[in-house]
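Structure first, commentary second.
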Amino acid sequence: MNKPLPVIIDCDPGQDDAVALALAFSAPEIFEILGVTTVAGNVPLNLTQRNARLVCEICNRSDVEIYAGCDKPMKRELVTAEYVHGQSGLDGIDIYEPEHPLEKTHAIDFIIETLMAADDNSITLIPTGPLTNIGTAIAKEPTILPKIKEIILMGGAAKEGGNVTPSAEFNIYVDPEAADIVFKCGRPIVVMSLDVTHQVLTSRKRLDRIRAIGTKTAKMMTDLIAFYERYDEEKYHTDGGPLHDPCTIAYVLKPGLFKLKDINVTIETQGELTRGETVADFWNVTGRKPNVQWAYEVDDDGFFDLLNKQLKKI
Ligand code: RIB
Ligand code: CA
């Protein structure tokens, strides 16, 4: 029996971040959650940290520590996505001020202190929002890098095209400079971009299957998804919307669901029209050294089988 994987989940809840958190909470034998750090993204930081605490409370995970991080990108003004997630960031469920506490330590200090105290190649970072916290921590204390086992992130787009501009996905668009630091950090990176998350669509049938689980957490998940998916359904004319962030957690739980390719990805930070583009060199035309494993295909039925199996546990 392997020891649980020590992880830090960095997120901007966001309905799909909430599903990712619940999926991670469902497998304590797999994830040793050292802490959940929050960042400004889908909604401002005061709401993403509140939302992370609320999800913990609903999932009865009083043991999980929540930290607040950066309230704006490293060098740019914050861009948020209330048009997708609603004003609260978790529209779809009843929002209240949770009793679950916010830790006093800043998320950047928590990340640095935790990594500095860890063994080399031991901690997995799972960012599902803009990379501001991770990029800032690396810039502030580069000696944390050898401690990182792997970074499994949701962000970017290539063949699918962007969801904020024609060339950029939201998480990378919001903080391209932070993303540039992360993608150049030299540690193993797995990228769950729109190229793969747009294959993981909820659909009415799949949502009904989750709702039939009948638990408080399953109800929260389906209420959140039912609100959140409307935006992508209207935009892409699909039955259901993509579950972006849970793909990172599903990869840890069942990596065989995904097909990956080692490629070079470079972040556009200068472009006026292409700010935040993940320039993905699928066919090695640049000669630039591969720096990520890029997920390009997923067994979507297998993903939802896993999600249902795990949600029944919490
Ligand atoms: O583009 C999708 C990503 O942006 C997801 O992480 C979603 O939560 C938002 O943060
Ligand atoms: Ca997110």
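Whatever order the structure lists them in is the order used to number ligands and atoms, beginning at 1.
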Within the 4.0 Å heavy-atom shell around Met154, which atoms of ligand 1 are there?
2 (C), 3 (C), 5 (C), 6 (O)
Output the list of atoms in ligand 1 that are nearer than 4.0 Å to some heavy atom of Thr128, sorted by atom number.
6 (O), 10 (O)
Looking at the Ca ion (ligand 2), which N/O/S atom of Asp245 is the nearest one?
OD2
What's the shortest distance from [atom] to any protein heavy atom, and which residue and atom give it?
| atom | value |
| --- | --- |
| atom 2 (C) of ligand 1 | Glu169 OE2, 3.4 Å |
| atom 6 (O) of ligand 1 | Asp245 OD1, 2.6 Å |
| atom 8 (O) of ligand 1 | Asp16 OD1, 2.6 Å |
| atom 9 (C) of ligand 1 | Asn42 OD1, 3.0 Å |

Taking 4.0 Å as the limit for heavy-atom contacts, which would you say applies to [X] with ligand 1: side chain only, backbone only, both, or neither?
| X | value |
| --- | --- |
| Val164 | neither |
| Asn163 | side chain |
| Asp17 | side chain |

Given Tyr173, which partner from the list Arg275, Arg76, Glu268 fulfils the side chain to side chain contact (heavy atoms under 4.5 Å, CB included) test?
Arg275
Drop me the distance from [X]'s [atom1] to [Y]'s [atom2], to the nearest 0.5 angstrom.
| X | Y | atom1 | atom2 | value |
| --- | --- | --- | --- | --- |
| Ile95 | Ile93 | CD1 | CD1 | 4.5 Å |
| Asp10 | Thr248 | CG | OG1 | 11.0 Å |
| Lys147 | Leu115 | NZ | CG | 8.0 Å |

Give a rough value, rounded to 10 degrees, for the angle at the Ca ion (ligand 2) between atoms OD2 of Asp17 and OD1 of Asp12.
70°
In terms of ring plane angle, is the pair Phe110 and Tyr67 parallel, tilted or perpendicular, where the classes change at 30° and 60°?
parallel
So that I can tick it off, tell me whether Lys289 and Asp262 are bridged by a salt bridge, with the cut-off set at under 4.0 angstrom between side-chain N and carboxylate O.
no
What I want to check is whether the side chains of Asp12 and Thr48 have a donor and an acceptor closer together than 3.5 Å.
no
Check this for me - ligand 1, His244, N or O atoms closer than 3.5 angstrom, yes or no?
no
Taking backbone and side chain together, does Thr128 place any N/O/S atom at a distance below 3.0 Å from the Ca ion (ligand 2)?
yes
For atom NZ of Lys259, is the number of surrounding heavy atoms from other residues, nucleotides or ligands below 6.0 Å larger than 12?
no
Which atoms form the tightest heavy-atom contact between Phe170 and Val79, and what is the distance?
CZ-O, 3.6 Å
